[in-house]
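First comes the structure, then the notes that go with it.
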There are 2 protein chains.
Amino acid sequence: MSDYTVRRLSMYYRILDELERESDDVVSSASLARMTGTNSAQVRKDLSYFGNFGKRGRGYSVSDLRERLRAILGLDRQWNVLLVGAGHLGSALFSYKDFAKRGFHIVGILDNDPEKLGRSWDGIAVNAISEAEEVVARTGAEVAVIVTPAHAAQEVIERLTRAGVRGFLNFAPIKPETTEPVRVRNVNITIELEGLAYALQHDELTRPSL
Amino acid sequence: MSDYTVRRLSMYYRILDELERESDDVVSSASLARMTGTNSAQVRKDLSYFGNFGKRGRGYSVSDLRERLRAILGLDRQWNVLLVGAGHLGSALFSYKDFAKRGFHIVGILDNDPEKLGRSWDGIAVNAISEAEEVVARTGAEVAVIVTPAHAAQEVIERLTRAGVRGFLNFAPIKPETTEPVRVRNVNITIELEGLAYALQHDELTRPSL
DNA sequence: CGCTGTGAATGTATTCACAGCG
DNA sequence: CGCTGTGAATACATTCACAGCG
């Protein structure tokens with residue numbers, strides 16, 4: 001299944017969550033499409049990869065579709081997450097409420113800054129990176145969020161991979177090289193801003209009167 | 001030009017920056033490809049949209065190509081950025097050094113929390129959202145980084161659009177609706193984590209012995 | 001000879017358009 | 001009649017493969 005499809009499933013899931021809170025009980029592919037910025041054929045195709053969830057002439061049951069997407073996305077269980085990097089961004093992610101809401105629980109924190117070592121955040125201790133293996137074993141972390149400086153990221157990803165972590169959400173501005181069968185998603189804030197700069201500059205040049 | 005290409009140009013630019021610090025003077029499409037996780041034909045095609053920068057049999061001049069990408073991406077000038085939302089994530093982005101390095105200068109901060117209003121961060125005052133128009137006019141902000149809660153994002157984006165902001169880097173988990181000709185990039189951390197969960201769960205099911 | 005630049009070929013994602021069911 | 005589910009058509013991105021220049 002392509003990443004494009006999975007991303008959209010996440011968006012549908014979020015909308016269904018809202019619709020359920022608003023007590024809507026049915027939704028059409030057209031209105032899901034409008035709310036997620038795509039088109040109805042796309043919605044139907046995305047969902048049809050996983051089954052026939054809709055009723056012709058009527059649409060999709062909100063609560064049923066929501067439950068199915070929850071299972072498809074793997075959100076019907078808890079995911080133990082290791083936070084690597086206890087700087088500003090790490091601390092912001094630690095307090096990000098949506099993670100827990102979706103089943104992602106931060107069970108360990110790693111950092112090498114002596115200032116931070118030994119402290120604890122909401123009862124979670126900050127451990128040294130040299131203790132990575134022990135922390136992974138103790139907490140059963142399957143996923144790591146990497147918010148270290150760029151130069152530290154590659155090494156820590158390799159080390160955690162060997163320790164058994166299989167999924168990485170990487171905020172460091174590098175493209176990690178991986179050997180083992182491991183899943184990596186890169187989030188690169190600078191690249192997104194540069195994309196904006198490119199687009200704005202280009203608009204100016206091509207539509208100078210606007 | 002497609003977003004895919006522009007994203008890769010950003011990656012090439014970052015690598016060229018490194019190579020220049022290491023005093024390399026020439027680089028081939030093959031090695032740029034290796035370092036950015038793509039292939040050499042892709043690198044050559046991406047660059048060829050903008051000109052013939054290479055020398056056959058030799059490669060690309062690091063400093064020359066770096067300068068050209070800098071101009072193409074619009075990084076050869078300062079961009080004035082408004083930070084909207086002074087919470088954990090806003091504060092992490094405020095102290096993110098790479099922004100300034102790339103020419104993005106935070107010139108204003110907006111938030112509605114009375115706790116934060118009137119304070120200032122490194123000399124930049126936190127203003128109320130009701131003062132948005134005045135702040136945009138005073139600072140000449142062209143880009144806004146949206147790190148408000150989801151429910152506040154749509155309205156503030158509309159308001160800033162009317163005030164003249166043309167680019168948005170949106171971290172709120174919504175798909176903003178825009179009318180005017182405005183550029184939006186969405187960064188949705190939860191969607192990325194959910195994509196990991198999907199992939200890991202699927203791996204488990206298909207390769208139960210690993 | 002080595003590497004770029006690029007048309008042609010391929011692969012992948014999206015959209016169209018309509019048959020078919022409730 | 002309204003909306004889904006889906007094969008066919010289209011649009012788009014990537015990769016191949018090689019001619020051509022330094």
Side-chain angles (χ1 to χ4, degrees), chain A residues 1-12 15-16 19 24-69 72 175 185-186 191 195 198-199 202, chain B residues 1-12 15-16 19 24-69 72 175 185-186 191 195 198-199 202:
Chain A
M1 193 55 40
S2 91
D3 275 8
Y4 299 95
T5 297
V6 178
R7 278 205 170 75
R8 283 188 301 264
L9 294 182
S10 282
M11 300 203 247
Y12 306 151
I15 298 292
L16 289 163
L19 294 180
D24 289 15
D25 56 332
V26 167
V27 67
S28 68
S29 60
S31 67
L32 268 178
R34 190 169 15 82
M35 290 183 281
T36 53
T38 180
N39 70 52
S40 64
Q42 183 78 81
V43 172
R44 293 196 300 277
K45 183 140 285 190
D46 287 340
L47 298 176
S48 75
Y49 291 131
F50 299 92
N52 294 5
F53 302 147
K55 288 218 187 328
R56 289 162 200 252
R58 199 167 143 69
Y60 301 86
S61 149
V62 169
S63 62
D64 178 57
L65 186 55
R66 179 181 170 284
E67 270 319 299
R68 286 172 177 282
L69 288 183
I72 290 165
K175 193 95 176 184
R185 288 265 187 148
N186 296 297
I191 284 184
Y198 172 85
H202 194 75
Chain B
M1 194 54 38
S2 90
D3 275 7
Y4 300 95
T5 297
V6 177
R7 278 207 170 75
R8 285 190 300 266
L9 294 181
S10 281
M11 300 203 245
Y12 306 151
I15 298 292
L16 288 162
L19 293 179
D24 289 16
D25 55 334
V26 168
V27 68
S28 69
S29 59
S31 66
L32 269 178
R34 189 168 17 78
M35 291 183 280
T36 53
T38 182
N39 71 51
S40 65
Q42 182 79 81
V43 172
R44 295 197 298 278
K45 182 138 288 188
D46 286 341
L47 298 175
S48 75
Y49 290 131
F50 299 93
N52 295 3
F53 303 146
K55 288 216 189 328
R56 285 161 201 255
R58 201 168 142 66
Y60 300 86
S61 150
V62 168
S63 63
D64 178 56
L65 186 56
R66 180 182 169 284
E67 272 318 301
R68 285 173 178 281
L69 289 182
I72 290 165
K175 195 94 175 185
R185 289 266 188 147
N186 296 297
I191 283 183
Y198 172 84
H202 193 75

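What you see is a predicted model, and the numbers here were worked out from it, not measured in a lab. Every chain is numbered from 1, with letters handed out A, B, ... down the list of sequences.
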How close do [X] and [Y] get, counting heavy atoms only, and between which atoms?
X	Y	value
B:V6	B:M1	CG2-CG, 4.1 Å
B:L9	B:I72	CD1-CG2, 4.1 Å
B:F53	B:L47	CE1-O, 3.9 Å

- By nearest nucleotide on DNA chain C, pick out whichever of A:T38 and B:S29 is the more 5' one. B:S29
- Message: Is it the case that the base of C:dG22 and the side chain of A:R58 share a donor-acceptor contact (distance under 3.5 Å, atom types as modelled)?
- Response: no
- Message: Between the base of D:dG20 and the side chain of B:R56, is one N or O donor paired with an acceptor at under 3.5 angstrom?
- Response: yes
- Task: Could you tell me whether B:S2 contacts a base, only the sugar-phosphate backbone, or nothing, with contacts defined as non-hydrogen atoms closer than 4.0 Å?
- Result: sugar-phosphate
Rounded to whole Å, how long is the line connecting atom [atom1] of [X] with atom [atom2] of [N]?
X	N	atom1	atom2	value
A:N39	D:dT10	CG	P	17 Å
B:R44	C:dG2	CZ	P	15 Å
A:K45	C:dA13	NZ	P	12 Å
B:Y49	C:dG5	OH	C1'	12 Å
A:Q42	D:dG5	CD	P	15 Å
A:R7	C:dA13	CZ	C1'	14 Å
B:Y60	D:dG22	OH	P	15 Å
A:F53	C:dG22	CZ	C1'	19 Å

- Counting only Watson-Crick or G-U wobble pairs whose two distances fall under 3.5 Å, which nucleotide matches D:dA11? C:dT12
- Scan every strand shown for a Watson-Crick or G-U wobble partner of D:dG5, both distances under 3.5 Å, and answer none if you come up empty. C:dC18
- Give a yes/no on whether any side-chain N or O of A:Y4 is located under 4.0 angstrom from OP1 or OP2 of D:dC12. no
- Query: Any sub-3.5 Å donor-acceptor pair from A:T36's side-chain atoms to A:L32's backbone N or O?
  - Reply: yes
- Message: Rounded at 0.5 Å granularity, tell me how far NZ in B:K45 sits from OG1 in B:T38.
- Response: 12.5 Å
